[in-house]
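Because the structure is a prediction, the values reported are computed rather than measured.
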There are 2 protein chains.
Amino acid sequence: MATKSRPDRRVQRTKDSLHFALMSLIVEKSYDKITVQDLIDRANIGRSTFYAHYETKDDLLLSELDRLTADIERHLADEPSSTAILPSLGVFRHAAENHREIKALLGSKGSDLVQRTALATFTRRAEAVIDEREGDGKNGNLPADARAAFVAGALLALLTWWLDNDRPYPPETMANVYAQSLAPT
Amino acid sequence: MATKSRPDRRVQRTKDSLHFALMSLIVEKSYDKITVQDLIDRANIGRSTFYAHYETKDDLLLSELDRLTADIERHLADEPSSTAILPSLGVFRHAAENHREIKALLGSKGSDLVQRTALATFTRRAEAVIDEREGDGKNGNLPADARAAFVAGALLALLTWWLDNDRPYPPETMANVYAQSLAPT
DNA sequence: TTCGGAATCGAACTTCATGTACGGAATCTA
DNA sequence: TAGATTCCGTACATGAAGTTCGATTCCGAA
């Protein structure tokens with residue numbers, strides 16, 4: 001009972017093709033100009049096959065985002081958060097390594113959804129760190145939720161700007177800008 | 001020659017109706033769910049009349065944004081920028097006064113276009129201030145453009161968060177969060 | 001008040017993308 | 001190999017975008 005049946009190869013192939021098609025298309029034109037027709041043409045699958053797996057275009061994008069979010073969260077957790085609330089060096093380095101992909105998703109040609117998702121991820125992490133440090137009472141006068149929105153928004157804006165401008169400075173410089181622009185905690 | 005003829009009343013009425021319709025609709029549902037049909041129904045104008053004045057829905061939104069941008073820029077310029085690069089108290093106060101309108105445009109139901117436009121406005125202003133202060137050499141080690149992206153993005157994120165969460169703190173507190181979260185210049 | 005030009009109306013039409021339906025063919029797993 | 005699942009492809013319904021055009025109404029200037 002409850003036999004763990006392996007996933008059908010055909011399903012895997014279909015999903016892989018669609019992920020690849022989306023990523024290759026989003027480099028070429030902005031996300032909201034991409035149609036389902038574009039996707040199934042590029043992926044070479046039938047129309048009804050697409051709708052058998054995803055409800056909408058955004059649905060496909062969200063499944064892509066799961067990977068991205070997991071990556072980011074890992075980089076946020078790996079690094080010990082030093083002075084800055086959010087440790088940014090790992091994020092910038094990771095973004096540099098996968099800059100084509102991440103710029104396409106996060107940048108001006110990407111989707112609102114990606115920005116919101118990333119902001120939520122950053123904010124969640126920032127709140128956790130702030131709550132953790134609550135004991136030292138160093139910032140008891142400032143509301144924690146607003147501070148979290150601030151540091152998360154600042155990091156996302158900095159990252160987006162950096163990618164959109166084709167990374168004019170190395171990740172180390174960017175992490176410095178981030179850390180040194182923040183008031184010491 | 002070049003007689004300055006006054007604008008036709010009908011044109012004014014049409015545009016006013018459309019602006020009103022857009023603002024009243026965007027409070028009810030998210031911007032990208034609004035159709036041209038919704039707009040002309042609410043405004044009580046003919047379909048072809050709409051296209052006689054605006055090319056697209058975004059075109060109409062942009063003309064709305066001109067007002068918003070002008071307002072913001074005035075508030076950024078009025079207040080002397082103290083320690084923080086961008087003076088934020090005036091912005092938060094102005095946003096509080098027109099919160100229904102601005103939340104609808106800037107918040108999660110608004111459009112990407114508004115966020116981008118606002119970010120551009122903030123960034124432009126921040127760059128001007130940073131360039132102005134360049135002489136004192138206090139931050140010569142950090143690239144000015146990246147710093148501008150940081151402070152602009154942080155302010156916009158804070159403002160958006162504040163409006164989306166129905167302004168849980170007074171404008172003065174928000175301005176404090178902004179100013180005190182930044183490293184002293 | 002009148003007149004000519006401009007704006008509006010409204011309805012029909014084209015185009016395009018979304019989403020659904022279904023029968024037959026291909027392919028997978030067991 | 002056999003039964004089940006998935007895929008294909010075509011056709012169809014829906015709905016929004018954007019265009020066209022003749023008739024009508026309204027405006028501003030004289």
* **Check: A:V91 main-chain N/O paired with A:S88 side-chain donor or acceptor under 3.5 Å** => no
* To do: From the options C:dT18, C:dT8, D:dA17, select the nucleotide whose nearest atom is closest to the side chain of A:Y51.
  => C:dT18
* To do: Between C:dC22, D:dT6, C:dT18, spot the one nearest the side chain of A:D8, thanks.
  => D:dT6
* Asked: Within this structure, what is the NZ-to-P distance between B:K15 and D:dC27, rounded to whole angstrom?
  -> 17 Å
* Full working for side chain to side chain donor-acceptor pair (under 3.5 Å) between A:Q12 and A:D8 -> CA-CA 7 Å; A:Q12 285 306 318; A:D8 198 313; over 6 Å; no
* A:T35 side chain, from C-beta outward: closest of D:dA17, C:dT18, C:dC9 -> C:dT18
* To do: Give a yes/no answer on whether the side chain of A:S48 brings an N or O atom under 4.0 Å of OP1 or OP2 in D:dG9.
  => no
* To do: Evaluate side chain to side chain donor-acceptor pair (under 3.5 Å) for A:Y51 paired with A:D59, printing each intermediate quantity in order.
  => CA-CA 10 Å; A:Y51 286 104; A:D59 200 7; over 6 Å; no
* Asked: Taking the six-membered ring where the residue is Trp, are the ring centres of A:Y169 and A:W162 under 6.0 Å apart?
  -> no
* Closest listed nucleotide, where the reference is the side chain of A:R47 and the choices are C:dT20, C:dC9, C:dA6 -> C:dT20
* The side chain of B:T56 lies closest to which of these nucleotides: D:dG18, C:dT18, D:dC8? -> D:dG18
* Look at the side chain of B:T49 and decide which nucleotide, out of C:dT8, C:dC28, C:dG19, has an atom nearest to it. => C:dT8
* Asked: Hey, is the side chain of B:H53 poking within less than 4.0 Å of OP1 or OP2 on C:dA7, counting only N and O atoms?
  -> no
* Asked: Under 4.0 Å between a side-chain N/O of B:R9 and OP1 or OP2 of D:dG28, yes or no?
  -> yes
* Asked: Given D:dC27, D:dC8, D:dA17, which nucleotide is nearest the side-chain atoms of B:R10?
  -> D:dC27
